Trainee: 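To start, I am sharing the structure in question, which I have written as C-alpha cells.
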Number of protein chains: 2
Amino acid sequence: MPRYKLTVEYDGGPYVGWQRQDTGPTIQAALEDVIQAFSGERVTVEGAGRTDAGVHATGQVAHVDLATDRFTAPKVMGAVNALLKPQPIAVRDAEIVSERFHARFSAVERAYRYVIMNRLAPLAIGRGRAWHVSAPLDTNAMAMAGARLIGHHDFTTFRASHCQSKSAIKTLDQLSVERDGERILVLARARSFLHHQVRNIVGTLKLVGEGKWTPDDVTTALEARDRSAGGPTAPAEGLYLTGVRYDAG
Amino acid sequence: MPRYKLTVEYDGGPYVGWQRQDTGPTIQAALEDVIQAFSGERVTVEGAGRTDAGVHATGQVAHVDLATDRFTAPKVMGAVNALLKPQPIAVRDAEIVSERFHARFSAVERAYRYVIMNRLAPLAIGRGRAWHVSAPLDTNAMAMAGARLIGHHDFTTFRASHCQSKSAIKTLDQLSVERDGERILVLARARSFLHHQVRNIVGTLKLVGEGKWTPDDVTTALEARDRSAGGPTAPAEGLYLTGVRYDAG
C-alpha cells in the first residue's frame, strides 16, 4: 500500500477549483481519473491547499495511496503526465512517502505568490496569469502596509464570509511586495490561510498602492475584525500556490 | 499625416505569423483591421521583424500613417487595444514620430529571447510559451558554444533554405545562455537576423547542452557554411522578439 507524494503544477483557468465537485472540471478529479485509468484503482487524491476556481499552482502538493506496489514513483509521474495531456496539469515530482505523511495535515507552511501586471496596456502574453492594474501603484507604500499584517492576528477582515476555518486567528510569516519592472509580486507564507485571505489582502494593498488608503488604514481595517472593513477581493487569475513545506521525517 | 510608432506585445500561438497572408490570421492584419475600424482609413502597418507562425513578441515595433491628425498617440493606443480584445495582441506604447522613421529600415538592433524549460515534467502553466526539453542541459557548455557565434560571420549554416536575405553575412552582437532554475534563456542581439537564425542556433546549442556536440563542433558547423551541417530548428513557441532599437533623431 504505497503512498505517493505528488508535486503538481496547473493553470487554474479551465477549472472550477482543486476540489472535486459537480459544477465543473477540477484538478483533483482530473488526477483521480487518470490514476484510475492506469492503475485500475478508484483513489482519492488529497491536496495540501484547496485552491479556488481560476487559481494556479506551481507547487501544490498532494498524496495518493495505491493498493498495488508495482508502480515506482517515476512510473506514476510518467503515467499521470502522459494521460493528463492535453490538460494544463503536470506532476513535477513524485516520491514514495511514509503512511504518516498527509499532504494537508502534515503541512507546516504554505507559500503563495500573487502577480499584478501594473501597466496601461492590456495583457497579451500574460493574460489569465496575472491581475492587470492600469493605475500606477506605489509598491513601497504597499510593502509598508503589508508589513502591518505580518504576525499573529485575527484576520476576520480578510476572510471570506463562507470560510469554514474554525478560527480566524492565523500567523502570517511573510507578506512582502516587490516590483520587477511592470510586474508586482506579493509573496505570502503561513502555516495555513483563511479562505480568500491572500486575495482579500491583495485587494486591500492595491488601495494603498493607488493612494486611496494609507498603511494606517490597513491596520485600522485589520483591527476592525470585520470583512466589510477590508478592500475588495483580488481576482483569482493572479494567485499561485507556489509551495508547501513539511517537516523532515 | 501623422506617423505613429507602436510597441506591440503578442502571443504568436494563434497566428500564422506577423505578415498578412491568405493562409490564416496574422498580427499585421489584426492591427490593420482595427485601425481601419476606428479611423475609417485602410492602412499598412509596417513591422520591424516579420516573426514566423507561433513566435511571440514583447517588444515588436511597427509604424502606421493616418491621413487625419485628429488622433493623439494615447487615443490610438486606447482604441487599438479596445478593439483588439479578446485577441492576445496589445499595444504597449504609442508615440508620434517623424516621417523619416521606418520601423523596419530605421532599426539598428533587434533583440530576441529564446526560452527553454529544462525539466522532466511537461509544461502546464508555461505551455506554448517555451520549448520543453526533458534531458538535462549543460548551460555552461551551451554558453561557451554560443560565444563562438558572436561577431561577423557567414551564417549560412543557421539560415533557413527559403531565407530571402541578399547576404548570409551578419554580425551577431550578443549570444548568451543563462539558467534560472529550470528555465534557460538564450539572448541574441544583432542589427538584423536571417530567417530562422535564432531557432537554428538554439537547436544546435541544445545538441551541445545534451553533450552530443562540443563547442568545437559548433565552430566547424559555422565554418561549413552549409545548413545541413547545423542542428535542427528549435520550435517557434520558445521565441520572443523582445525589443528593437533605433538611433535617436
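Hydrogens, waters and symmetry mates are skipped; everything else that's a heavy atom, side chains included, is used. Because the structure is predicted, anything quoted here is derived from the model rather than measured. Residue numbers start from 1 in every chain, and the chains themselves are labelled A, B, ... in the order their sequence lines are given, proteins ahead of strands.
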Trainee: Of the backbone (N, CA, C, O) and the side chain (C-beta and beyond), which part of A:Glu182 lies under 4.5 Å from a heavy atom of chain B, both, or neither?
Mentor: side chain
Trainee: Can you check whether anything in residues 108-143 of chain B gets within less than 4.5 Å of chain A, heavy-atom wise, and list it by number?
Mentor: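 So far as heavy atoms go, B:Arg119, B:Leu120, B:Ala121, B:Pro122, B:Leu123, B:Ala124, B:Ile125, B:Gly126, B:Arg127, B:Arg129 are the residues that approach chain A to under 4.5 Å.
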Trainee: Tell me the residues of residues 54-71 of chain B whose non-hydrogen atoms fall below 4.5 Å from those of chain A, in number order.
Mentor: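 The stretch touches chain A at B:His56, B:Ala57, B:Thr58.
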